[in-house]
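Atoms considered below: every heavy atom in the structure, side chains included; atoms not considered: hydrogens, waters and symmetry mates. No experiment lies behind these values; they were computed from the predicted model shown.
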Amino acid sequence: MVNKLEKKTLESWLENVKEYACEGKVADYIPALAEQNPEHLAVAIYPLKGECIYAGHSEKCFTLQSISKVISLALALIDNGEDFVFGRVGMEPSGDPFHSIYRLEQHTPSKPLNPMINAGALVVSNMIYGVNAHERVGRLLSFIHEMTDDHSIQVNENVADSEFNSAFLNRSLLYYLKQHDVIKGDVEETLDVYTKQCSVDVNVCQLARIGAVFANEGRDIHSNRQIIPRHYARICKTFMVTCGMYDASGSFAIKVGIPAKSGVSGGVMASLNQFGGIAVYGPALDEKGNSVVGLKLLEILSNRYDLSIF
Ligand code: GLN
């Protein structure tokens, strides 16, 4: 069974899927991400019981990008409660690209459809408690340290600056939301928080452990301490199913069927109840912004061990 999975099996799967990397393209709209090497591939599985197994470039750090949206949502729910959060951001999949702006004009008030698209995630970042960007980002980092039991995890300032200086579309979304009173406070400060949360650097084992906390109903996998209330962890995993792969969430649910969230760095974090967390890294992306190798690998894993939740 899956708990008997060995490092050499993961290595052979990576070997089998690496040819797909050439079908994708590394993100370059954030200039620092263009420096990633499409041949760097890694996978890690963190079971709820047992040690993390990993293969490939597992030491390589990459930024969370949109995977951070699941984490910031959990923290915003803890800070503000469900009614407040979903008073400002919806629960429905959009079927649009993650950075799309046009739906905001179609609804009054301009409530973003869900927290996994950029408009919704920006509203969520705006809700995280703190007197300034530094404190808000610090709280997010502490939250990640708690989930991973690893205080070495930090923001990659180079990627954060690169995104902050080129985030014209996210700025537009924020100014639009500010105009319509959906976000409070300073736009540039919220963008600072958002770009830094997206730029938190992790490796696959650290990311798989975060996935495992969600899979463990919000509890730390070693001490069993509740870090995220169970109900909020469940909300996050549900969004991972309905919106985690942007406008490819439907086909991913059919082919893989595991709650998962991707980011434009090429990372994917998956969470499977009673099993654990899975993380894949492969920076070459398909046209929807999902890791080509990541999707292939998760498909193999799901089919091989019959992991679909459906
Ligand atoms: N930081 C990225 C952005 O806002 C995250 C997008 C993503 O990973 N899909 O564009």
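- Of the N and O atoms on the side chains of Asn156 and Thr63, not one donor lies less than 3.5 Å from an acceptor on the other residue.
- Looking at Ser249, its side chain does come within 3.5 Å of a backbone N or O of Tyr246 through a donor-acceptor pair.
- The shortest non-hydrogen separation linking Val182 to Ser110 is CG2-O, 3.5 Å.
- Heavy atoms only, all atoms of each residue included: Gly294 and Val268 are closest at CA-CG2, 4.5 Å.
- Electrostatic pairing of Asp220 and Arg225 does not count as a salt bridge here, judged by no charged N lying under 4.0 Å from a carboxylate O.
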What verdict does the side chain to side chain donor-acceptor pair (under 3.5 Å) test give for Gln36 and Tyr281, after you've listed the backbone C-alpha separation in whole Å, the side-chain angles of each residue and the deciding distance to 0.1 Å? CA-CA 11 Å; Gln36 295 183 111; Tyr281 174 60; 2.9 Å; yes
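- The CD atom of Glu146 sits 12.0 Å away from atom CD1 of Ile210, with the distance rounded to the nearest 0.5 Å.
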Test side-chain contact (heavy atoms from CB on, under 4.5 Å) on Lys111 and His180; report intermediate values, then the result. CA-CA 9 Å; Lys111 185 169 154 176; His180 292 272; over 6 Å; no
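- Within the 4.5 Å cutoff, no side-chain heavy atoms of Lys178 are placed close to those of Leu174.
- Of the inter-residue distances, the one linking Leu73 atom CG with Ile78 atom CD1 reads 10.0 Å to the nearest 0.5 angstrom.
- To the nearest 0.5 Å, the span separating CG on Leu48 from CG on Asn216 amounts to 5.0 Å.
- Distance alone, capped at 3.5 Å, places no donor-acceptor pair between the Asn126 side chain and the Leu122 backbone.
- A 4.5 Å side-chain heavy-atom check between Phe143 and Ile227 finds at least one atom pair inside the cut-off.
- Ionic pairing of Asp28 and Lys25 is present here: one or more N-O contacts between side-chain nitrogen and carboxylate oxygen are shorter than 4.0 angstrom.
- Checking Asn118 against Lys69 by side-chain atom types alone, a donor-acceptor pair falls below 3.5 Å.
- In this structure, the side chains of Pro31 and Ser166 come closer than 4.5 Å at one or more pairs of heavy atoms.
- A cation-pi geometry, defined here as NZ or CZ lying under 6.0 Å from the six-membered ring centre and within 45° of its normal, holds between Arg171 and Phe164.
- Of all heavy-atom pairs between Ala284 and Pro38, the closest is CB-CB, 4.3 Å.
- Here the side chains of Cys243 and Ile117 are not in contact, with every heavy-atom distance at 4.5 Å or above.
- Side-chain contact, Gln197 with Ser72: a donor N or O sits under 3.5 Å from an acceptor N or O.
- Remark: side-chain polar atoms of Arg103 are paired, donor with acceptor, to backbone N or O of Ser94 under 3.5 angstrom.
- Looking only at atom types and distance, the side chain of Thr195 has no donor-acceptor partner in the side chain of Glu163 under 3.5 Å away.
- Asn290 places no side-chain N or O within 3.5 Å of a backbone atom of Asp286 that could act as its donor or acceptor partner.
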Decide side-chain contact (heavy atoms from CB on, under 4.5 Å) for Leu77 and Phe86; before the verdict, give the C-alpha distance in whole Å, the side-chain angles of both, and the deciding distance to 0.1 Å. CA-CA 9 Å; Leu77 284 165; Phe86 296 116; 3.8 Å; yes
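- Among all heavy-atom pairs drawn from Phe214 and Met147, the shortest one is CE1-SD, 4.3 Å.
- Between the NE2 atom in His99 and the CG atom in Asp96 there is a gap of 10.5 Å [rounded to 0.5 Å].
- Residues Asn114 and Thr242 are not in side-chain contact: their nearest non-hydrogen atoms beyond the backbone lie 4.5 Å or more apart.
- Considering all non-hydrogen atoms of both residues, Ser265 and Phe62 come closest at OG-CD1, 4.0 Å.
- Although no hydrogens or angles enter the test, the distance criterion places a donor-acceptor pair under 3.5 Å between the side chain of Ser125 and the main chain of Ala121.
- Between Arg139 and Asp79 there is a salt bridge, since a side-chain N of the basic residue sits under 4.0 Å from a carboxylate O of the acidic one.
- A donor-acceptor contact shorter than 3.5 Å is absent between the side chain of Ser68 and the backbone of Leu64.
- Using a 4.5 Å heavy-atom cutoff, the side chains of Ser66 and Val264 are not in contact.
- Nearest heavy atom pair, residue Val155 against residue Val137, reads CG2-CG1, 4.0 Å.
- Atoms CD1 and CG, from Ile258 and Leu298 in turn, are 6.0 Å apart once rounded to the nearest 0.5 Å.
- By the 30° and 60° cut-offs, the orientation of the rings of Tyr29 relative to Phe98 is tilted.
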Could you please spell out the steps behind the side-chain contact (heavy atoms from CB on, under 4.5 Å) verdict for Gln206 and Ile153? CA-CA 9 Å; Gln206 292 163 333; Ile153 296 176; 3.6 Å; yes
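- When only modelled atom types and interatomic distance are considered, Tyr232 and Glu217 share no side-chain donor-acceptor pair under 3.5 Å.
- How far NZ of Lys255 is from CD1 of Ile300: 12.5 Å, rounded to the nearest 0.5 Å.
- Within the cation-pi definition used here (under 6.0 Å to the ring centroid, within 45° of the axis), Arg88 qualifies as a partner of Phe84.
- Judged purely by atom type and a 3.5 angstrom limit, Arg234 has no side-chain atom pairing as donor or acceptor with the backbone of Pro229.
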Taking it one step at a time, do Leu141 and Gln154 satisfy side-chain contact (heavy atoms from CB on, under 4.5 Å)? CA-CA 7 Å; Leu141 268 178; Gln154 291 302 333; 3.6 Å; yes
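- Side-chain atoms of Ser199 and Glu157 form no donor-acceptor pair, as typed in the model, at a separation below 3.5 Å.
- Cation-pi geometry between Lys296 and Tyr20 is met: under 6.0 angstrom from the ring centre, within 45 degrees of the axis.
- Inter-residue side-chain proximity for Val85 and Met127 is flagged as met; some heavy-atom pair is nearer than 4.5 Å.
- None of Met245, Met240, Lys237 except one satisfies the side-chain contact (heavy atoms from CB on, under 4.5 Å) rule with Lys261; the exception is Met240.
- Residues Met116 and Val70 meet the side-chain proximity criterion, which asks for heavy atoms closer than 4.5 Å.
- Judged purely by atom type and a 3.5 angstrom limit, Gln226 uses its side chain to pair as donor or acceptor with the backbone of Ile228.
- Between the side chains of Glu39 and His57, no donor-acceptor pair of N or O atoms lies under 3.5 Å.
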